[in-house]
Structure formats: structure tokens, C-alpha cells
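Only one structure is covered here, and it is reproduced in the block below.
Note that the coordinates shown come from a computational prediction; the quantities given were computed from them, not determined experimentally.
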Amino acid sequence: MATQTLPETMEVSESKPATKYVYFFGGGKADGNGKMKDELGGKGAGLAEMTNAGLPVPPGFTIQTDACREYMRTGGVSHEVDQQMEDALARLEKLQGQKLGKGDNPLLVSVRSGAKFSMPGMMDTILNLGLNDQSVEALARLSNNPRFANDSYRRLIQMFGNVVLDIEKSAFDEVFDAKKKQKKARLDTDLDAKALKEVIEEYKKVVKKHTRRDFPQDPHEQLIMARDAVFRSWNNDRAKHYRRINNISDDLGTAVNVQAMVFGNLGETSGTGVGFTRNPATGAKEFYGEFLMNAQGEDVVAGIRTPVHILELQKIMPDVYNQLREITTRLEKHYRDMQDFEFTIQDRKLYMLQTRNGKRTGRAAVRIAIQMVEEGLITKEEAIFRVEPNQLYDFLVPRLDEKKSKIEVLATGLPASPGAAVGQIVFTADEAVAKANGGKNPVILVRGETTPEDIHGMEVAKGILTSRGGMTSHAAVVTRGMGKCCVAGAGDIVVDEKKREMRVKGQTFKEGDWISLDGTTGRVIKGKLGTLDASPDDPELQKLMGWSEPFRTMKVRANADIPRDAIQARTFGAEGIGLCRTEHMFFGEKKIPHMRAMILADNEKDRRAALKKLLPMQRDDFAGVFKAMDGLPVTIRTLDPPLHEFLPRREELTVDLALLPSYDSKQKKGLVAKYKDYGVKAVGDLKRVLSGLLARVEQLHEFNPMLGLRGCRLGITYPEITEMQARAIFEAAVDCTKKGIKVHPEVMIPLVATLKEMTNQAAIVRRVAEEVLKEKGTRIDYLVGTMIELPRAALVADEIAKEAEFFSFGTNDLTQTTFGFSRDDVAKILTTYLADGILKQDPFAVLDREGVGQLVKMATERGRKTRGKLKVGICGEHGGEPSSVEFCYQTGLDYVSCSPFRVLTARLAAAQAAASEKLKVEGGRTK
Ligand code: ADP
Ligand code: MG
Ligand code: MG
């Protein structure tokens, strides 16, 4: 196929086989094809494929990603790249019968970036390249439309100035807006040719001022500069950031597409638009999209004018509409996936400019996958991979009810935290608290950006809306943690905190006005919509899960400490509890005084007395969880955190004690109430109790509590704690069994580093278990195992497995101790590390396969060497993260355990991991 192109190049590099850097498309045929995303990028591959399919695509050529990688290595491109580009340009000029930026009928091109995966962080497209002071006149004469010509030229200077010459957009916007004001123009299209000419002159001054040189008039120079800017954009901050959060390799590089221009801004018989072959929000099988007449490029999405629904096109130009439907239907059939397409109409003639697999919400992903199976387009096995496991979260949060009313979208921001929220606007955190009135009134907190001082308002609000900030802004991160709906960075909204109003689309909203947020799509909607509850039992979801579940071999459990969470997890399909943290049970109002008495005791006798009071309460806790998980295994971890977490802070205590003599009686009474759990009954007790308390707090104080007296070290120091917990577990188990509940207790010893630690604690648990069972005259099968969360434990896993009947990887601590990162302090370091690419991902979110993962692998292998059928699982945060779940599957773990809301995600991720091995599919997911 190379024979028809680039004969000169072949001659130049006789010695080694020439790399084909440039791929031509046009005249019904393309050098490349749709499979070549690695070389041509998604956009280039799509253009080639559409050309080969005979669709109306403006001709052009793609400079492949290899040239970008070369540019990154050497800071330039080789002679071959330049040469091949010149040849392709010559071929394009010949095909079009035009010359780039020259003559009576000048060729103009767009320069478009396009990597293997679509990346919104990369360079903006440059349109109308080739225009200069001469060719703009030619274009005006040729089109008989000077307004159009000047409009195209001013756009070029603006885009080129911004993306190639790095001049702030605002520098151009100021000029443009001033001109609109001066001419009393409301819309961009109200400016006439003369006004635009004046804009051009001022734009040129802006360029000169910022770069100290004139806007380049030579079309070839424009082209080379634009090409190199695309290459450089691969490494701009936005692009790097996007790659990081989407787990895309930094080494891929981008392709550059140079394509003959077609014009949607030629008048009222021209236009441009975007669309989807199915509704990307709901998945409904309906043609979905928007367009604008007499517009170019990004006008549709830029929000300058309000775009029109694509169905209107049917009325305006039925032929074009039908052709577009026919083409996009064909594209969907061809790619066997929902398509997201871009088109331009030039004087009633349709051109396709892009097609790709469209992004969609989780609900849409499920619906489209099922419908495509029903339509015979894909198989059930393929359908499993059409949904990103993380997207299933959409089914677990409420959503807006959009059926009943016609909705007005005010703005679209980032879908920072999924779900829906409907409420009355408030502008400060304090107002939120006041107006919410203890949760009686739904409020939405609207801010420019949130800060840590807003937390109390965020807690009571139904949803959060910010006009600035990205997916990792304070608002986004905090709301995701709270499981609360958030739309962040809705840039079209002006939040005036002083005037307490928000302005958008020419409308003003005051405190108390109703708005609705869709955190799944980022839409801000006017008025009070209804909401629909979460629907984990959605029939379509169940259907898809029904297809994927047979492939799953690894179990999915939940981390749950209380019956309510356990019950919820079960409805999401949890097959047991992988981590029940007993310490959370001690914080209850009734328990904490006894817990504190236990910690304050300086002798075993007092400690046992306090533990005795805790015993029945713990037993009830465990019974509740066993009941909820009837028939399924429950892993209970013995006490893990350092004890001082249950006591007042040292600094606070010191202050209270020091100020005590100067307090009046009211203040002293306050202290009595504050310290009543520590045995203060009257003012007279204060001095004695507080000094005693301080002394004990001093004793327990640790410089690094995370590496201090915690985990099994506690149970070894105070064996009576482990004894009490074991007794509570087995008494509860026996009681439940008597009621016909099937219990499978698994007692887990935390933070073990040596065999002897394990032996020590396992001996206590087994002894107490046997005592209880003997007392009650029954038998219950149970396991005693350990958490692997220290590198040493992984190293001696074969030893530890002599005592431990199961392993569960506590990958939060294991990540902490393997990296030597403190989880509480790592945030500062991570920001730099991620920005500089020292770490690709946060290892606390995504399991570090190369390091921590190797310990997981090693410990599993060594443990099973000792105990062939050793049950192995994971219970860190990673247990619900798809890539980590995949790793666990590949490592041969028996189960993953995660928070209840991630159970569905983990189930699908585990099924996909197994299915992709069995079916030998790779990366079948929609990206
Ligand atoms: P993105 O990757 O941001 O979608 P594109 O390269 O697709 O950027 O360009 C954005 C828009 O620019 C297209 O949707 C189209 O409207 C316009 N465009 C790009 N190339 C051309 C062209 N050759 N002729 C007319 N319009 C074009
Ligand atoms: Mg595009
Ligand atoms: Mg731990």
C-alpha cells in the first residue's frame, strides 16, 4: 500500500527500511485502517476506517505516534518525518486541486491531536490553518462572503495564538468582547466583515505583544509549528493529569491529523454538530445530539449559542438528516458499539469528522450492552466487558426523575461525585446548617470552591455545586468520601458569594431557589425535580450480572462492623464478611465508659472487671453480625488500634488540668460532664481524676502509634482482652447456633510479624473457644488466622501458616509498611510524586503490583507450601478496586473483601478477570 505514496522517501532512505510516518486518507481510500489505533490514534484510525468505508470524510493525512515519541526523545522530528509530511501535503493539494494557503482557491486545513485513548486534556484543534493576509482575501472572493472569510481568519489567529503560541485565551476574548460591545452586537454572528477585520488587526497586535513577532504568514511554517505544538501537548499538565487518573501510559504519544477544512460557517445552509447513536445518559435507543447552523468547530459545545436538538435537522434539511442517520447507524453496526460522532454540513453537503465509541453512564452502559446482545450485535460474553466495574456505583445512588417534567440544564460541570440531589440554594456553610434545620429541609451548598472550613455545611447539604475546581478538588474528594452528590467546576456559573446569588445563562438565582444536581453526568438543572431511589435490584443490572457471574471464581466479601452494614452488603451480593473491626463496636455510648475503665486500669484485676462488663455487649454485637450473615463466613479481627485512641488528647487534658484552679463553677461543671466517663462524679473529683488520667495518657503516649502498641502486640501485652473477645465471639456463635443460625466464625489476629506472636494469640483463642464449646456442650467449626500486613509476615509466611488457618492481606497497612509511607501524612508527598511521575498512581487506592503485590504473591505461595488449602483473601481498600481485584485473581486469592458499596464493582471486576482469561479477551472494555 505504500507504493502509491512517497516514492521520494523510499529513495532517500535506501539503507534501512523506511518507517512509514505519514498515512494518507482521501479519495475513497486510506493507507491505514481502524485497527491501527496504536499508530494513528483513535481519531486517525477512525478517519481512515470511515474513508475506506466510502463515507464522506474530508481528505488529509495522519502523522503517526512514532514521530511524537521521537519528538519527545530528541526535541524535534527527523528529516524523514518532514519529508513524508511534505509529500502527503503535495498529494492532498493535488487531490483537492488547491495549494495550502495560496492562490485563488487556497487549501485550508485543520490540525488535530489524537492519541490511542481519547484525551480531553490535550491540545485543542486548530482550524482554518493556511489563512493569512492574502488567502483571506481569496477566500472572501471565492465564497463571495467576506464575513465568513474574516471570521475564519480571526478564529485561526485566536486558536493558533492560544494553543501554539501559548497566549492566554482571555487576551483574545477581551478584544472580541470589546468589539461586540462597541458594535452593540449580542451574538458573535452579529459582527460583520468590517468589524471582524478590525478584530483581526487587534488580534495580530496581541500576538506581537506576547511573542514579539508577527503572526506567521507562511502557511508551511504555520503547519510545522502546529504539528510540533501537538507533539508537545502530549506532555502538558492537563494531559499528564488525565493519563494519571485514567491509567494511560505516558509512553504512547499522540498522532497529528491534518485534514482539509470543510466549513460549517458558510451561512444558513451550513452547520456543525455532534451526536450519539444512543442516549449516553440513559442508554435508550434514540438518536441523540445537537447542532448549530452557521457555526464552526467547537461552537456547539462552547455554549456561546444554544445548540438545537438534532431532530430539528430533520425539518431543516431532511436529506442531510437521513444521510446522517444512515451513516451513523452503519458506523454503530460496523464498530458494534455506541458511536459518538462529529459532523459538519457545508452548503447542504454532509461531512463526517470523527467517530468513536461513546462514553456513557453506568446505567447506559448496562442497558446498551443488553440491547446490543438482544439485537444480535454482540455476544453475552462481550457484553460483560462493556461495563466498567466502577460504573455500577450508579445503581447504588439515587438519581433524578426526568420523565415527568421538561428539564432546563443550566450548566454542565464535572461529575465529581455520583448521585442526585434536589434542594434549595445556600451560599455558605453556616446558612446550610441553619436552613437544613437538622435535615428537615434539603439544601444545596453552592460555592466558588469549598475549603475545609465548609465541612459542617457539606455534611448537612444534600449536594454540593462549585464553579471552580476539578475532579480532585476539595469538594470532589470530600463528597466522594461522604457518598454525597457533587458537581464541581461548572465554569459557566458565576457564584457571587458577596451578593449571595449565582448567575448563569442570563438568569439569577438567590438563596432559597430550587435546583437539581446530577452528580453522575455533571448537569445542573433548574428547579425541583423528583428523585428515584437507588436500585441495586434493577432488572437490567441483574441480567448483566447473571451473564458475568458464572465466570467468577473468586468470592467477594464485605468489610462490615455492624449488622446494618452487613445486611446491606448482603443485598449487594456479599458472600461473607472479610473484616469485622471490633474496635468500632467499642465507641458506642454504653460501651465507651467501660472501655475507658479497662484502658485506665493499671492492674489486671481492674482490667478484668471492666472487660467483664464489656463481654455481654460484645457478644450481642457479634450475634447481630452472625445473624445478618446466616450461613456465610464472618471474619472477626481482634482489637487492633492503639489504646490512646479511646482517651482524651494529651494536650487537651494538660490544658484542662492547668486551668482548673482558675475556672468558675459553671466551667467546672462543664468539665464534670466532659469527664464523666472517666469516673468524675462531682467537681471535687476533677483534680484527682484528671491528674490520674493525664499520668495514664502520658504512659500510653507513643511517638508513632501506627507502629506502636497495637495489633497483636496489644493482645500479647494484655491477654485478657483477647480472651474476652474470643469468649464473646464463641458465646455468640453458640447462642446463634441454638437459634438455628448457621455461623462460620473466623478469628483474625492483626499485625503479626512472627510465628510466636501468632502461636501466642491463636492459643488463647483456641483455648477459650474449646472452653466455651465444652461449657455449652456443642461443636462449631471455626478458623483462626492472621492478617498479613507487615513485610516480615510475608517473608515468613510459610512459618506463620503453621499456626494460621487463613491469611487476609491488610493491604492498607501493608502498603504503609512496605513503602514506609505513613498513610496519615502521605498526602503531601503524593501530590509531588504524582505530578512528577515518580508514582503513577496512589498506592493506597490502586494496589502496587510491582512492590506490595509481590509480597502478596510471595506470602500466598509460601503460606500454601505449608498448608496446601490455605484460604487467602484481601481486606484492604484495594479489595473493591478493579485493577487490584484483577491482580488478586491472577495471584490465586480465594476472595476479596471491600466496603459494602463496592461489592457489586468487585463482583464484576472478579468476573471480568476470570472471563478475560477463559475467553482470552484483552482490554475488551470501552475506554
Ligand atoms: P476534539 O478531539 O477536541 O474533539 P477535534 O479534532 O475533533 O477535537 O476537533 C474539534 C472540532 O473541530 C470538530 O468536531 C469539528 O467540528 C472541527 N473540525 C476539525 N477538523 C475539521 C475540518 N477539517 N473541517 C471542519 N471542521 C473541523
Ligand atoms: Mg472531536
Ligand atoms: Mg491493619
Check whether [X] reaches the backbone of [Y] with its side chain - one donor and one acceptor, N or O, closer than 3.5 Å.
X    : Y    : answer
R367 : E540 : no
K37  : A45  : no
Q912 : I384 : yes
K505 : V409 : yes
T815 : F844 : no
D340 : R356 : no
S467 : G491 : no
S516 : G527 : yes
T272 : F343 : yes
T891 : K857 : no

[X], [atom1] atom: more than 12 neighbouring heavy atoms under 6.0 Å:
X    : atom1 : result
K35  : NZ    : no
F276 : CZ    : yes
E39  : CD    : yes
K380 : NZ    : no

SB check [X] [Y] (cutoff 4.0 Å):
X    : Y    : result
R243 : D250 : yes
D394 : R399 : no
R360 : D337 : yes
K840 : E850 : no
E374 : K543 : yes
E332 : K285 : no

Got [X] and [Y] here, is their nearest side-chain heavy-atom distance under 4.5 Å?
X    : Y    : result
T282 : E402 : no
R552 : R907 : yes
T412 : T521 : no
H474 : M458 : yes
S883 : Q841 : no
S535 : F395 : yes
P280 : M338 : yes
Y242 : I248 : yes

Give, for atom [atom1] of [X] and atom [atom2] of [Y], the distance between the pair rounded to the nearest 0.5 Å.
X    : Y    : atom1 : atom2 : answer
S899 : E877 : OG    : CD    : 6.5 Å
M629 : T635 : CE    : OG1   : 10.0 Å
E290 : H309 : CD    : NE2   : 7.5 Å
L445 : C486 : CG    : SG    : 9.5 Å
H744 : K742 : NE2   : NZ    : 7.5 Å
D842 : D848 : CG    : CG    : 11.0 Å

Considering non-hydrogen atoms only, spot the tightest contact between [X] and [Y] and give its length.
X    : Y    : result
T479 : S417 : OG1-CB, 3.5 Å
G522 : P415 : N-CB, 3.8 Å
P389 : T905 : O-OG1, 3.0 Å
S884 : A845 : OG-O, 4.3 Å
R112 : L353 : NH1-O, 2.9 Å
A411 : I493 : CB-CG1, 3.8 Å

*asked:* Test side-chain contact (heavy atoms from CB on, under 4.5 Å) on V896 and I874; report intermediate values, then the result.
replied: CA-CA 5 Å; V896 295; I874 176 179; 3.5 Å; yes
_My understanding is that only one of V422, V397, D401 makes a side-chain contact (heavy atoms from CB on, under 4.5 Å) with T531; could you say which?_
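Passing option: V422.
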*Do you know which of I378, L544, N357, I368 makes side-chain contact (heavy atoms from CB on, under 4.5 Å) with R386?*
I378
_Could you walk me through whether L324 and M352 satisfy the side-chain contact (heavy atoms from CB on, under 4.5 Å) test, starting with their C-alpha distance in whole Å, then the side-chain angles of each, then the deciding distance to 0.1 Å, before giving a yes or no?_
CA-CA 9 Å; L324 183 65; M352 298 304 296; 3.9 Å; yes
*Give the ring-plane orientation class for F287 versus F341, where under 30° counts as parallel, over 60° as perpendicular and anything between as tilted.*
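If you compare the ring of F287 with that of F341, the planes turn out parallel.
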*Could you list all the side-chain hydrogen bond (donor to acceptor under 3.5 Å, both in side chains) pairs where at least one residue sits in residues 43-52, not counting sequence neighbours?*
E49-H334
*With sequence neighbours excluded, residues passing side chain to side chain donor-acceptor pair (under 3.5 Å) with E381*: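 E381: no side chain to side chain donor-acceptor pair (under 3.5 Å) contacts found.
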*Honestly, is R557 close enough over Y895, meaning NZ or CZ under 6.0 Å from the six-membered ring centre and within 45° of the axis?*
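Output yes; distance and angle both within limits.
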*Consider only side-chain N and O atoms of R363 and T520, and report whether a donor and an acceptor are under 3.5 Å apart.*
no
*Trace of the side-chain contact (heavy atoms from CB on, under 4.5 Å) decision for I515 with V446*: CA-CA 10 Å; I515 51 167; V446 179; 4.2 Å; yes
_I'd like to know whether L517 forms a side-chain contact (heavy atoms from CB on, under 4.5 Å) with K462, so could you lay out the CA-CA distance, the side-chain angles of the two residues, the decisive distance to 0.1 Å, and finally the verdict._
CA-CA 10 Å; L517 301 182; K462 287 277 172 207; over 6 Å; no
